[in-house]
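Accompanying notes for the structure given below.
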Amino acid sequence: MSLEGKVALVTGSGRGIGREIALLLAGRGVDLVITDIDEASAVKAAEEVKEKGRKAIAVKSDVSNAADVEALFKKAVDEFGRLDILVNNAGITRDTLLVRMKEEDWDAVLAVNLKGAFLCTRAAAKIMMRQRSGRIINISSVIGLMGNVGQANYSASKAGLLGLTKSAARELAPRGVTVNAVTPGFIQTDMTANLPEEVKTSLMNAVPMKKLGEPRDVAELIAFLAGNGADYITGQVIGVDGGMVMS
Ligand code: NAP
């Protein structure tokens, strides 16, 4: 299941789960395009990849901006000449109850979490179809499967990602490109650290394993889906959630 010499682009990889995915892939021999809306964190994460002996470039990019995404994929190909793995990880929350939700809260979350993944998937697909190989992995969420109070925008964006995953998987399968989604549960990052205590308690009560997941738990699944062991897996939605959702 060697990933040695492959090239991956992970969106939102300056910190959190994205950074962990990038570092784990680097440890398995992958060169990285680190991209984040926050340039300083992208540069720092790229340095950490280089410390692991792999090549890395840091690119500041807003995934919801079509011009940024076009420039991002051009830089990736100019630097590495190919792209084997895309992880659509960048995501944001703007939580509030539905009746209080402003149009801007809806638009901002859908723009980053769903349109961002569409723009990056479209750009990567053009490169990967030419190569006749590639792996696209979308980071959805258990909230896209279950819904959640105060997260109508986030839940809709993460459910939308599942439709994008399945349609892209069907279109790209004949060209050797697989597209899968993972649905993390309650993972310990800045995104969950900022949740109100009562929300954290109710989420924890819904986890049969009674513990938070670590970014590493998600990264291990991504590395599996990126490797040869997942050659015959496409269009799937795979949970990493301590048993929160069982289908
Ligand atoms: P995080 O710690 O908030 O990290 C998200 C990263 O995305 C940050 O580096 C952020 O940059 C970057 N980002 C935000 N908007 C962007 C944009 N427009 N363009 C490019 N990059 C952007 O979040 P996380 O917990 O690691 O979550 C990563 C992914 O996993 C998200 O898609 C999230 O929805 C999903 N997820 C997380 C959990 C969880 O429990 N943590 C559970 C299920 C799914 P800044 O540093 O500038 O904000």
Side-chain angles (χ1 to χ4, degrees), residues 9-24 33-46 48 58-73 86-95 107-121 123 137-148 151 153-162 164-165 181-195 199-200 202-204 206-207 209 211-219 221-222 237-242 244-245:
L9 186 156
V10 184
T11 67
S13 48
R15 62 188 175 92
I17 293 171
R19 171 180 165 275
E20 188 71 24
I21 293 167
L23 293 180
L24 188 136
V33 180
I34 301 286
T35 178
D36 203 286
I37 198 164
D38 178 42
E39 189 164 23
S41 70
V43 168
K44 190 161 170 285
E48 292 178 281
V59 186
K60 176 182 158 63
S61 172
D62 174 353
V63 292
S64 67
N65 180 304
D68 270 20
V69 170
E70 197 180 322
L72 166 66
F73 282 80
L86 165 66
V87 184
N88 283 312
N89 164 81
I92 60 168
T93 51
R94 294 275 186 281
D95 298 351
D107 288 345
V109 170
L110 270 289
V112 176
N113 297 9
L114 187 54
K115 183 182 162 190
F118 154 66
L119 291 172
C120 292
T121 298
I137 305 159
N138 294 322
I139 312 284
S140 175
S141 167
V142 288
I143 305 303
L145 301 169
M146 303 162 54
N148 197 22
Q151 293 199 301
N153 48 1
Y154 184 76
S155 176
S157 72
K158 294 299 188 179
L161 262 183
L162 304 182
L164 171 64
T165 299
V182 304
T183 51
F186 194 7
I187 310 294
Q188 202 152 19
T189 66
D190 293 344
M191 186 179 270
T192 44
N194 297 331
L195 288 172
V199 176
K200 282 191 207 168
S202 86
L203 279 172
M204 186 66 99
V207 183
M209 289 177 88
K211 61 174 186 178
L212 295 179
E214 300 288 335
R216 173 102 193 180
D217 296 319
V218 181
L221 177 57
I222 301 300
V237 179
I238 304 174
V240 48
D241 64 3
M244 238 174 140
V245 176

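Order of listing sets the numbers, starting from 1, for every ligand and every atom in it. Note: hydrogens, waters and symmetry copies are ignored here, and every other heavy atom, side chains too, is used.
- Side-chain atoms of Lys158 do not come within 3.5 Å of backbone N or O of Ile143 as any donor-acceptor pair.
- Formation of a donor-acceptor pair under 3.5 Å by the Ser13 side chain with backbone atoms of Ala22 is not found in this model.
- When the options Ser64, Ser157, Ser155 are evaluated for a side chain to side chain contact (heavy atoms under 4.5 Å, CB included) with Val109, the one that passes is Ser157.
- A heavy-atom cutoff of 4.0 Å around ligand 1 is satisfied by the protein residues Gly12, Arg15, Gly16, Ile17, Asp36, Ile37, Asp38, Ser61, Asp62, Val63, Asn89, Ala90, Gly91, Ile92, Val112, Ile139, Ser140, Ser141, Tyr154, Lys158, Pro184, Gly185, Phe186, Ile187, Thr189, Met191, Thr192.
- Checking side-chain atoms of Thr11 against main-chain N and O of Ala90 turns up a donor-acceptor pair under 3.5 Å.
- For the side chain to side chain contact (heavy atoms under 4.5 Å, CB included) test, residues two or more places apart in sequence or in another chain that qualify with Ala108 are Ile92, Arg94.
- Panel note: side chain Asp68, backbone Asp62; a donor-acceptor pair is recorded below 3.5 Å.
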